[in-house]
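Working notes for the structure below.
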Amino acid sequence: MIDNQEFFVSSLTNELIYIKLFKSFCLNIQLAFLEKNREYSVTAEEFRIEFEALNIRLLKYANYNIYGPVLENELLVTRFSLGTIEKTEKLFKVNLPIELTLEQLKLKPAQVEDPSEEALKEIMEINERTVVLCKNFKSFLTDIFEKEVAGELFSYSYPFLIRRMVEEIDLYLLVLERIINRLPSDPSFVIDYEFRTINLFKSFAMFIRSFTDPSREDIIHIAQSFIIEYQHLLNDYSTADLSPESQKRLTAKSKKIVDRFAEFFVNILTDLLNNDVYLIVEPVLVDSMYRTIKIGQYFMFLTKEKIAGNI
């Protein structure tokens, strides 16, 4: 069972990471509907406001309570976050809370002490509120997905993209509920988390293939090659046993692919901000995908000190 300090830091870190991600989902839904279905955009904006309110509460505790590697490895803010926010505001005429991103850029790394009872109580309340909010948001997205598939609703977000948003929420709920119950990681959880994460990255390659202007054949071809690589990797995960050697081998193989995939997104985002590629999606969503890749790199690889010398 994890202690108070680990519970506090893990809760705070994961909440800040994923709430920012879910805000980008809300914005995507908000921008995806025609005027005749405006109620979905309104509901998405309401969810975004609720997630932002939680974000503000969390930032009250974030300074000196987030580990340095989390800040250094772009899990909260990437090198592209400010640029993609500004570009999204310009292209879509929306106002995004850039001050929250600026505040996160100023965070100082952890000098963690045992949290006070008051801080523990508020973080637990935020955790519990987040579980409820995520489940409600998941129901909202599921309703959109089912109506799109049934031909009853049109939006500019693919049903497959909506389904992947639901899967990211499920992945976070899996992590958050373990934190709330103060459960440490175990081999079966690690394999399940890695499998789900790799499956998400395969989806990101599929999205980039679909979002990119067809004139950029180079990006489309690279995205397709990653789709194939990730599918082979998923097959490996499906047949792997839970032995330490098997996990070590799979993780090492995954790291090589994911590291290259992260660089692929660096190139795409650089081209996007330089106006060298046209994507039919808001820039902040692409930045959120990149940040999710950085999250996967951190939790799948950088926190596994036991294999650090073997990759």
Side-chain angles (χ1 to χ4, degrees), residues 1-26 47-78 81 97-137 168-185 189-190 193 197 287-288 290-305:
M1 179 167 294
I2 62 176
D3 61 22
N4 283 346
Q5 187 182 99
E6 188 175 352
F7 166 79
F8 182 77
V9 174
S10 295
S11 295
L12 186 60
T13 301
N14 281 281
E15 290 269 14
L16 284 169
I17 286 170
Y18 282 96
I19 280 176
K20 186 169 184 178
L21 179 64
F22 299 154
K23 287 195 299 179
S24 73
F25 292 172
C26 293
F47 273 113
R48 183 162 66 93
I49 290 169
E50 288 199 66
F51 281 124
E52 283 176 5
L54 289 176
N55 202 161
I56 291 167
R57 288 178 68 186
L58 290 161
L59 282 173
K60 181 172 69 173
Y61 296 104
N63 215 26
Y64 298 111
N65 280 315
I66 303 293
Y67 293 130
V70 170
L71 302 175
E72 295 158 10
N73 286 284
E74 303 182 284
L75 274 66
L76 295 183
V77 183
T78 80
S81 293
I98 197 168
E99 65 278 2
L100 294 180
T101 298
L102 292 172
E103 190 171 344
Q104 291 182 45
L105 281 170
K106 297 176 184 176
L107 292 178
K108 298 293 189 289
Q111 298 175 4
V112 180
E113 299 177 355
D114 287 336
S116 67
E117 287 300 319
E118 178 186 355
L120 280 171
K121 181 180 178 181
E122 183 164 9
I123 289 297
M124 177 55 84
E125 288 175 358
I126 293 172
N127 283 345
E128 291 171 350
R129 175 58 189 149
T130 303
V131 169
V132 173
L133 187 57
C134 284
K135 287 181 177 178
N136 290 341
F137 188 44
E168 288 209 59
I169 293 170
D170 279 337
L171 181 61
Y172 176 54
L173 285 172
L174 179 72
V175 172
L176 182 55
E177 287 173 357
R178 290 184 70 86
I179 292 172
I180 289 172
N181 292 312
R182 299 184 177 232
L183 297 175
S185 295
F189 171 77
V190 169
Y193 176 85
T197 302
D287 183 58
S288 289
Y290 173 65
R291 202 165 56 83
T292 299
I293 296 167
K294 300 301 290 184
I295 292 165
Q297 285 181 305
Y298 182 80
F299 286 112
M300 290 170 63
F301 313 129
L302 295 183
T303 59
K304 287 190 171 182
E305 295 179 0

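For reference, positions follow the sequence shown, starting with 1.
- Ring planes of Phe51 and Phe137: perpendicular class, angle over 60° (limits at 30 and 60°).
- At a threshold of 4.5 Å between non-hydrogen side-chain atoms, the residues Tyr298 and Glu74 do not count as touching.
- Between Leu12 and Ala62, the shortest heavy-atom contact is CD2-CA, 3.8 Å.
- The side chain to side chain donor-acceptor pair (under 3.5 Å) search around Thr292 returns none, not counting sequence neighbours.
- Residue pairs meeting the salt bridge (charged side-chain N to carboxylate O under 4.0 Å, His left out) criterion with at least one partner in residues 14-26, sequence neighbours excluded, do not occur; the list is empty.
- Taking the side chain as every heavy atom from C-beta outward, Leu75 and Leu16 never approach each other to under 4.5 Å.
- Taking the six-membered ring where the residue is Trp, Tyr61 and Phe8 present perpendicular rings, their angle passing 60° and hence far from 30°.
- Looking at every heavy atom in both residues, Ile169 comes nearest to Cys134 through CG2-O, 3.8 Å.
- The environment of CD in Glu99 is crowded: more than 12 heavy-atom neighbours from other residues, nucleotides or ligands sit within 6.0 Å.
- With rounding to the nearest 0.5 angstrom, the CG atom of Asp287 is 3.5 Å from the OG1 atom of Thr78.
- In this structure, Lys294 NZ and Ile17 CD1 are separated by 12.5 Å, a value rounded to the nearest 0.5 Å.
- Glu6 meets the side-chain contact (heavy atoms from CB on, under 4.5 Å) test with Ile2, Asp3, Ser10; sequence neighbours excluded.
- For Ser24, the side-chain contact (heavy atoms from CB on, under 4.5 Å) partners at least two apart in sequence or on another chain are Leu21, Leu285, Ser288.
- Shown here are the salt bridge (Lys or Arg N to Asp or Glu O under 4.0 Å) partners of Asp114, two or more places apart in sequence or in another chain: there are none.
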>> Between Thr130 and Phe22, is the side chain to side chain contact (heavy atoms under 4.5 Å, CB included) condition met? List the steps.
In response: CA-CA 11 Å; Thr130 303; Phe22 299 154; 5.8 Å; no
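- Identified under the salt bridge (charged side-chain N to carboxylate O under 4.0 Å, His left out) test for residues 54-70, with sequence neighbours left out: Arg57-Glu122, Arg57-Glu125, Lys60-Glu122.
- Among residues two or more places apart in sequence or in another chain, the side chain to side chain donor-acceptor pair (under 3.5 Å) test is passed with Asn4 by Arg182.
- Atom CG of Leu107 is separated from atom CG of Leu59 by 6.5 Å, given to the nearest 0.5 angstrom.
- Applying the side chain to side chain donor-acceptor pair (under 3.5 Å) criterion to Glu52, with sequence neighbours excluded, gives Arg48.
- Atom CZ in Phe47 sits 5.5 Å away from atom CG in Asn136 (nearest 0.5 Å).
- In this structure, CD1 on Ile123 lies 10.0 Å from OG on Ser116, to the nearest 0.5 angstrom.
- Remark: side-chain polar atoms of Asn181 are paired, donor with acceptor, to backbone N or O of Glu177 under 3.5 angstrom.
- Shown here for Ser81 and Thr101, the closest heavy-atom pair between the two residues is CB-CG2, 4.3 Å.
- Between the CD1 atom in Ile295 and the OG1 atom in Thr13 there is a gap of 11.0 Å [rounded to 0.5 Å].
- Applying the side chain to side chain donor-acceptor pair (under 3.5 Å) test to Glu50 and every residue at least two apart in sequence or in another chain returns Arg129.
- When all heavy atoms of Thr197 and Gly296 are compared, the pair lying nearest together is CG2-CA, 4.2 Å.
- Among all heavy-atom pairs drawn from Ile180 and Phe7, the shortest one is CA-CE1, 4.1 Å.
- Ala110 pairs by the side-chain contact (heavy atoms from CB on, under 4.5 Å) definition with Tyr67, Val112, not counting sequence neighbours.
- Among residue pairs with one or both ends in residues 105-132, none qualify as ring pair (Phe, Tyr, Trp, His ring centres under 6.0 Å); sequence neighbours excluded.
- Screening Ile66, Leu76, Asn63, Leu71 for a side-chain contact (heavy atoms from CB on, under 4.5 Å) with Gln104, the sole residue that qualifies is Leu76.
- Qualifying salt bridge (Lys or Arg N to Asp or Glu O under 4.0 Å) partners for Lys108, counting only residues two or more places apart in sequence or in other chains: none.
- When every heavy atom of Tyr172 is checked against every heavy atom of Asn14, the shortest pair comes out as CE1-O, 3.7 Å.
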